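What follows is a single structure, written as structure tokens, with notes after it.
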Amino acid sequence: MTDSSRPSDHYDSSSSNTGDKIVQPRLGVVGYLRFFWRMLTSMRTALFLLLLLAIAAIPGSLVPQVSSDPNGVIQYKANNPDVAPILENLQVFTTYSSVWFSAIYLLLFVSLIGCVIPRTKHHFDALRARPPKTPANLARLEGFTSQGSAADAEASIAAGRQVLKRLGYRTELYTTGGSPSVSAERGYLRETGNLVFHSALIGVLVAVGLGGGFGYTGQRVVVEGYALSNSLASYDSFNPGRFFTDAALQPFSVALDTFVPTYEEDLTSKALGQVLDYTANVTTMVPGGQPEESTIKVNEPLAIAGTQVYLLGNGYAPVITVRDPDGNVVFSQPTAFLPQDANLFSLGIVKIPDGLEEQIGIRALFYPTAVLTDLGTLASSYPDLVNPQLTMEVYTGDLGLDNGQGSNAYALDTDSLTEIAGRAADAPTIKLGLGDSIDLPNGLGSVELTAIPRFASLDVHHDPAQGWVLLFAILVLAGLVTSLFIPRRRMWIKAVNGADGAVTLEYAGLARGDDPGLNAAVAEIAAKHLDHIGHKVES
Amino acid sequence: MTETFVLYSNIAVYSAMAIYTIAFIMFTLDLARRSAAVAAPAEVGSTTRAGQLGSTALLEKVDAPPAVAAKGPRYLRAAFALTVFGWALHVGAAIFRGVAAGRVPWANMFEFTLTATALIVGVFLLVQVWQDLRFLGSFVVGFALIALGVATTNFYVDVIPLPPALQSAWLVIHVFVASLGTGFFALGAALSIVQLLQARRAAGKAVGLRFLDTLPGADKLENLAYRLIVVGFVLWTFTLIAGAVWAERAWGRYWGWDTKEVWTFIIWTIFAGYIHARATRGWRGSRSAWLAIIGFGAVVFNFTVVNLFFKGLHAYSGL
Ligand code: HEM
């Protein structure tokens with residue numbers, strides 16, 4: 001079955017495709033372009049590019065990616081100093097935005113567009129065309145059945161047309177070689193589905209691209225009692241899309257009132273201390289609106305002003321108060337500690353450049369439920385605040401905050417500092433319970449563990465095309481199901497007038513693509529038709 | 001209470017494995033018997049080979065060789081009945097596990113394996129209504145046995161509550177549909193393997209498996225495999241989309257090239273390639289069969305190696 005809606009190397013298209021082969025001598029510029037275009041839009045190229053895309057996606061799963069695991073990339077580079085620069089040059093750390101990965105999928109989509117457009121045009125024509133002329137010899141087709149009949153030829157064909165119409169076929173009457181026949185076709189939806197499927201893939205790609213380009217994501221650690229406001233200055237980190245402008249930042253604020261985790265408390269349970277639930281109770285504000293109370297949970301982001309706010313992490317943010325020798329407060333604020341294990345043993349850094357005689361840096365460890373291990377060290381045995389303990393190693397010296405370079409708030413470079421309290425110092429590590437205060441060595445002042453609020457790390461995500469991506473994805477699925485499971489069939493019923501005036505009814509069908517049910521369908525139509533014209537069906 | 005149900009569940013798993021083992025042996029004996037049955041009338045083999053070259057009429061005959069039909073597949077029937085019985089226990093094990101945990105029984109590697117293998121065997125049983133594919137019994141039951149063996153010895157974990165990220169209706173839908181799709185891919189791959197053997201044999205290369213004479217020809221196998229795989233592909237497409245919707249809810253973005261996402265995408269692309277291969281001249285037959293097998297290999301890889309050794313957000317193996 002020749003079918004110009006298919007690329008020439010489709011298995012269904014005519015195999016005598018010498019006409020498709022490019023005649024070498026007449027290749028001008030246009031000839032080359034046409035040749036190239038044919039190649040690009042052939043089934044073989046599509047297949048090749050699909051498989052190539054699958055292979056090209058592999059390296060990004062073996063090597064950490066900047067986008068999903070930036071710390072992993074830093075680690076990897078430190079661990080593999082020899083390979084890392086090569087991988088860096090090959091853009092393996094950014095596989096999915098690399099030149100080579102992009103080239104493959106862009107070529108694939110060009111090929112896809114080149115394939116879909118002519119097929120769409122062809123399909124529109126086919127939708128308006130009449131079912132094809134009845135072949136002269138039905139016996140060579142699928143499911144051929146014939147049955148002698150006493151009914152009138154014209155009348156039985158008219159009846160056959162009705163039967164086919166009722167089954168959803170489009171019909172056309174023909175008379176070939178003196179025999180009236182009805183030619184019928186159904187399943188145009190199959191091709192429609194295929195085209196919807198392929199076009200929707202393009203839709204997904206475009207929507208993903210636009211959403212990423214115009215959207216943004218921002219991360220912010222918010223301590224209980226504090227708020228996040230949707231402005232550039234408010235974020236700890238911010239990733240704008242390529243076409244992002246400040247106008248995309250809808251002004252709103254989200255204040256974290258309380259953060260309430262629920263842990264398995266049953267002492268007999270093996271899951272003691274496991275997280276059962278996290279709830280962030282927040283109050284939101286949009287300009288000109290009233291404050292509104294709301295909650296954010298792990299699988300339940302907050303939708304506000306066309307933007308999503310997600311709860312992605314949490315921990316403790318102990319409030320440490322530092323006073324000078326006269327008792328004046330020089331520092332008093334919560335510091336988010338990074339959780340290190342499931343029981344929220346956490347690590348925090350405090351830097352105090354001003355107010356004391358010397359700059360001090362503190363490396364602190366926090367144990368919400370401190371227990372003494374066999375080794376004599378502290379550990380946390382439960383994530384909630386049962387026996388909170390804070391230990392501190394204190395350093396003095398130049399914190400390096402004035403050199404104009406940004407510094408990592410979660411790291412303390414102790415190379416140029418002097419430890420004044422801790423394992424390597426004369427004074428021991430400072431230990432504080434909630435409300436405790438202790439003098440710093442060298443008469444520098446004092447520190448106090450004032451309060452232990454929690455923090456939530458919130459992710460703000462704005463993607464104006466997200467809904468479109470979903471819509472196209474649903475179309476992909478719908479198109480796929482339609483194109484794979486709706487059979488495209490042609491059916492014929494022919495009434496052959498015999499020499500003796502007897503009529504022989506002939507039935508046959510033809511399928512496009514895989515159609516396991518074709519024979520059964522022909523048999524069913526034959527049975528229905530014979531039944532309809534009152535024919536006694538002998539078995 | 002939880003403990004009791006966990007105990008029931010574990011007893012049921014081990015019983016199911018014992019019965020699967022017997023079923024596996026019976027299925028294999030059936031294949032051996034087929035070889036013997038074919039060996040007697042030696043001519044059948046040559047007839048088939050001729051038939052492979054083109055005539056469909058001959059191929060049809062090969063589907064039901066009279067010699068075998070006459071004897072009646074005694075081992076086969078016993079093996080199949082045992083599989084049904086083992087499967088009932090297997091499903092029971094999954095249900096008890098779910099009752100014990102008070103949620104769906106697929107929240108860690110052990111439970112995924114338990115439920116996914118139950119679905120694979122379930123798809124195998126159900127497909128028989130449509131087509132007699134019992135000759136794949138050794139493959140399917142053998143696969144389920146190995147998976148269950150690894151799960152019970154290496155993946156076993158106690159029932160613990162769901163972490164917040166998994167507390168979602170999408171856990172029910174996404175994982176279930178993925179496992180169901182895996183069932184179809186598994187059968188498709190099994191058929192493709194037999195297809196390759198048949199094709200080799202048809203090409204005159206000696207394959208010492210005489211029972212192949214009693215199985216459908218390569219073309220028929222290829223069509224069957226295709227029909228199962230497209231169902232799997234639809235389910236996999238749904239899994240991919242559902243996963244993205246869930247990721248948007250739980251992680252704040254619908255797609256982030258997390259390792260598990262990457263492999264789900266790779267698998268999808270391989271099977272899209274498979275479907276194209278079937279429609280591309282020169283790629284039907286053995287080449288597309290290889291793609292089906294590689295695709296299923298990637299599914300297994302995604303479930304084992306990626307879950308256990310690759311770093312990513314999908315850190316739910318519980319190990
Ligand atoms: C992003 C790349 C592509 C993907 C993921 C993809 C995927 C698929 C899938 C899943 C099917 C089977 C479902 C259906 O029939 O609708 C299919 C069918 C088809 N695709 Fe693609 N495709 C892609 C690109 C292309 C390109 C570039 C062409 C043109 C050469 C093409 C031509 C076809 C044709 C002709 C069929 C029908 C096959 C048949 O007759 O059985 N596709 N494609």
Side-chain angles (χ1 to χ4, degrees), chain A residues 6-7 9-13 15 42-44 46-47 50-51 53-55 57-58 60-62 64-65 67-69 72 95-96 208 217 264 269-271 274-278 297-301 308-312 459-461 463 466 469-470 473-474 476-477 480-481 484-485 513-514 516, chain B residues 158-170 223-224 226-227 230-231 233-234 237-238 240-241 244-246 248-263 265-270 272-273 275-284 291 294 298 306 310-313:
Chain A
R6 294 285 193 265
D9 60 342
H10 189 278
Y11 83 99
D12 245 3
S13 53
S15 49
S42 72
M43 291 299 285
R44 209 163 303 225
L47 175 57
L50 268 172
L51 297 180
L53 188 67
I55 293 169
I58 295 176
S61 73
L62 303 175
Q65 297 295 296
S67 55
S68 55
D69 185 13
T95 295
Y96 306 103
V208 168
T217 61
E264 175 65 64
S269 166
K270 290 183 188 116
Q274 276 243 329
V275 182
L276 301 180
D277 182 50
Y278 291 130
K297 287 164 153 298
V298 174
N299 267 299
E300 298 165 30
Q308 255 40 262
V309 185
Y310 301 88
L311 173 61
L312 287 195
D459 235 53
V460 177
H461 190 174
D463 184 338
Q466 190 159 294
V469 177
L470 182 62
I474 290 170
V476 164
L477 190 63
L480 184 66
V481 171
L484 287 177
F485 300 118
D514 277 280
Chain B
D158 288 314
V159 168
I160 46 167
L162 280 185
L166 291 189
Q167 294 169 18
S168 164
W170 289 108
N223 283 331
L224 293 173
Y226 174 75
R227 272 175 245 152
V230 293
V231 174
F233 184 74
V234 169
T237 307
F238 178 85
L240 195 72
I241 297 173
V245 172
W246 188 9
E248 192 276 325
R249 300 254 91 192
W251 299 329
R253 84 287 183 292
Y254 56 82
W255 195 263
W257 297 106
D258 175 65
T259 46
K260 195 85 182 178
E261 290 170 341
V262 170
W263 277 92
F265 170 80
I266 290 174
I267 290 161
W268 189 82
T269 313
I270 295 174
I275 292 175
H276 274 211
R278 284 261 315 165
T280 306
R281 201 176 299 133
W283 272 80
R284 289 205 144 200
L291 283 180
I294 292 171
V306 174
F310 284 29
K311 193 172 162 224
L313 286 170

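Just so it is clear, the model here is predicted, and its values are computed rather than measured. Labels below follow one simple rule: chain letters A, B, ... track the order of the sequence lines, proteins then strands, and each chain is numbered from 1.
- Ring centroid separation for the pair B:Trp246 and B:Tyr254 does not come in under the 6.0 Å cut-off.
- Both the backbone and the side chain of A:Ile58 come within less than 4.5 Å of a heavy atom in chain B.
- Atoms CG and CZ, on B:Leu240 and B:Phe233 in that order, are 9.0 Å from each other to the nearest 0.5 Å.
- We find the CD1-CG distance between B:Ile275 and A:Leu47 to be 11.5 Å, quoted to the nearest 0.5 Å.
- Using a 4.5 Å cut-off between heavy atoms, A:Leu276 touches chain B through backbone and side chain atoms alike.
- Between the CG atom in A:Leu51 and the CG atom in B:Leu291 there is a gap of 5.5 Å [rounded to 0.5 Å].
- The greatest number of non-hydrogen atom pairs below 4.5 Å with chain B, out of A:Thr217, A:Val298, A:Leu470, is found for A:Val298.
- The candidate from B:Ala244, B:Pro161, B:Pro164, B:Gly273 with the greatest count of non-hydrogen atom pairs under 4.5 Å with chain A is B:Pro164.
- Residue B:Arg227 touches chain A through its side chain alone, counting heavy-atom pairs closer than 4.5 Å.
- Residue contact with chain A, scored on non-hydrogen atoms closer than 4.5 Å, involves the backbone and the side chain of B:Val231 alike.
- Looking at B:Trp255, neither its backbone nor its side chain comes within 4.5 Å of chain A, counting heavy atoms on both sides.
- Proximity to chain A (any heavy atom under 4.5 Å) is shown, for B:Trp257, by both the backbone and the side chain.
- Judged as a side-chain contact (heavy atoms from CB on, under 4.5 Å), and not counting sequence neighbours, the contacts of A:Pro64 are A:Asp69, A:Val73, A:Tyr76.
- Listed options B:Val262, B:Ile294, B:Thr269, B:Thr280 were ranked by heavy-atom pairs under 4.5 angstrom with chain A; first place goes to B:Thr280.
- Both the backbone and the side chain of A:Val208 have a heavy atom closer than 4.5 Å to some heavy atom of chain B.
- Between the side chain of A:Tyr310 and the backbone N or O of B:Arg249, no donor-acceptor pair lies under 3.5 Å.
- The salt bridge (Lys or Arg N to Asp or Glu O under 4.0 Å) test applied to A:Asp459 returns no partner, not counting sequence neighbours.
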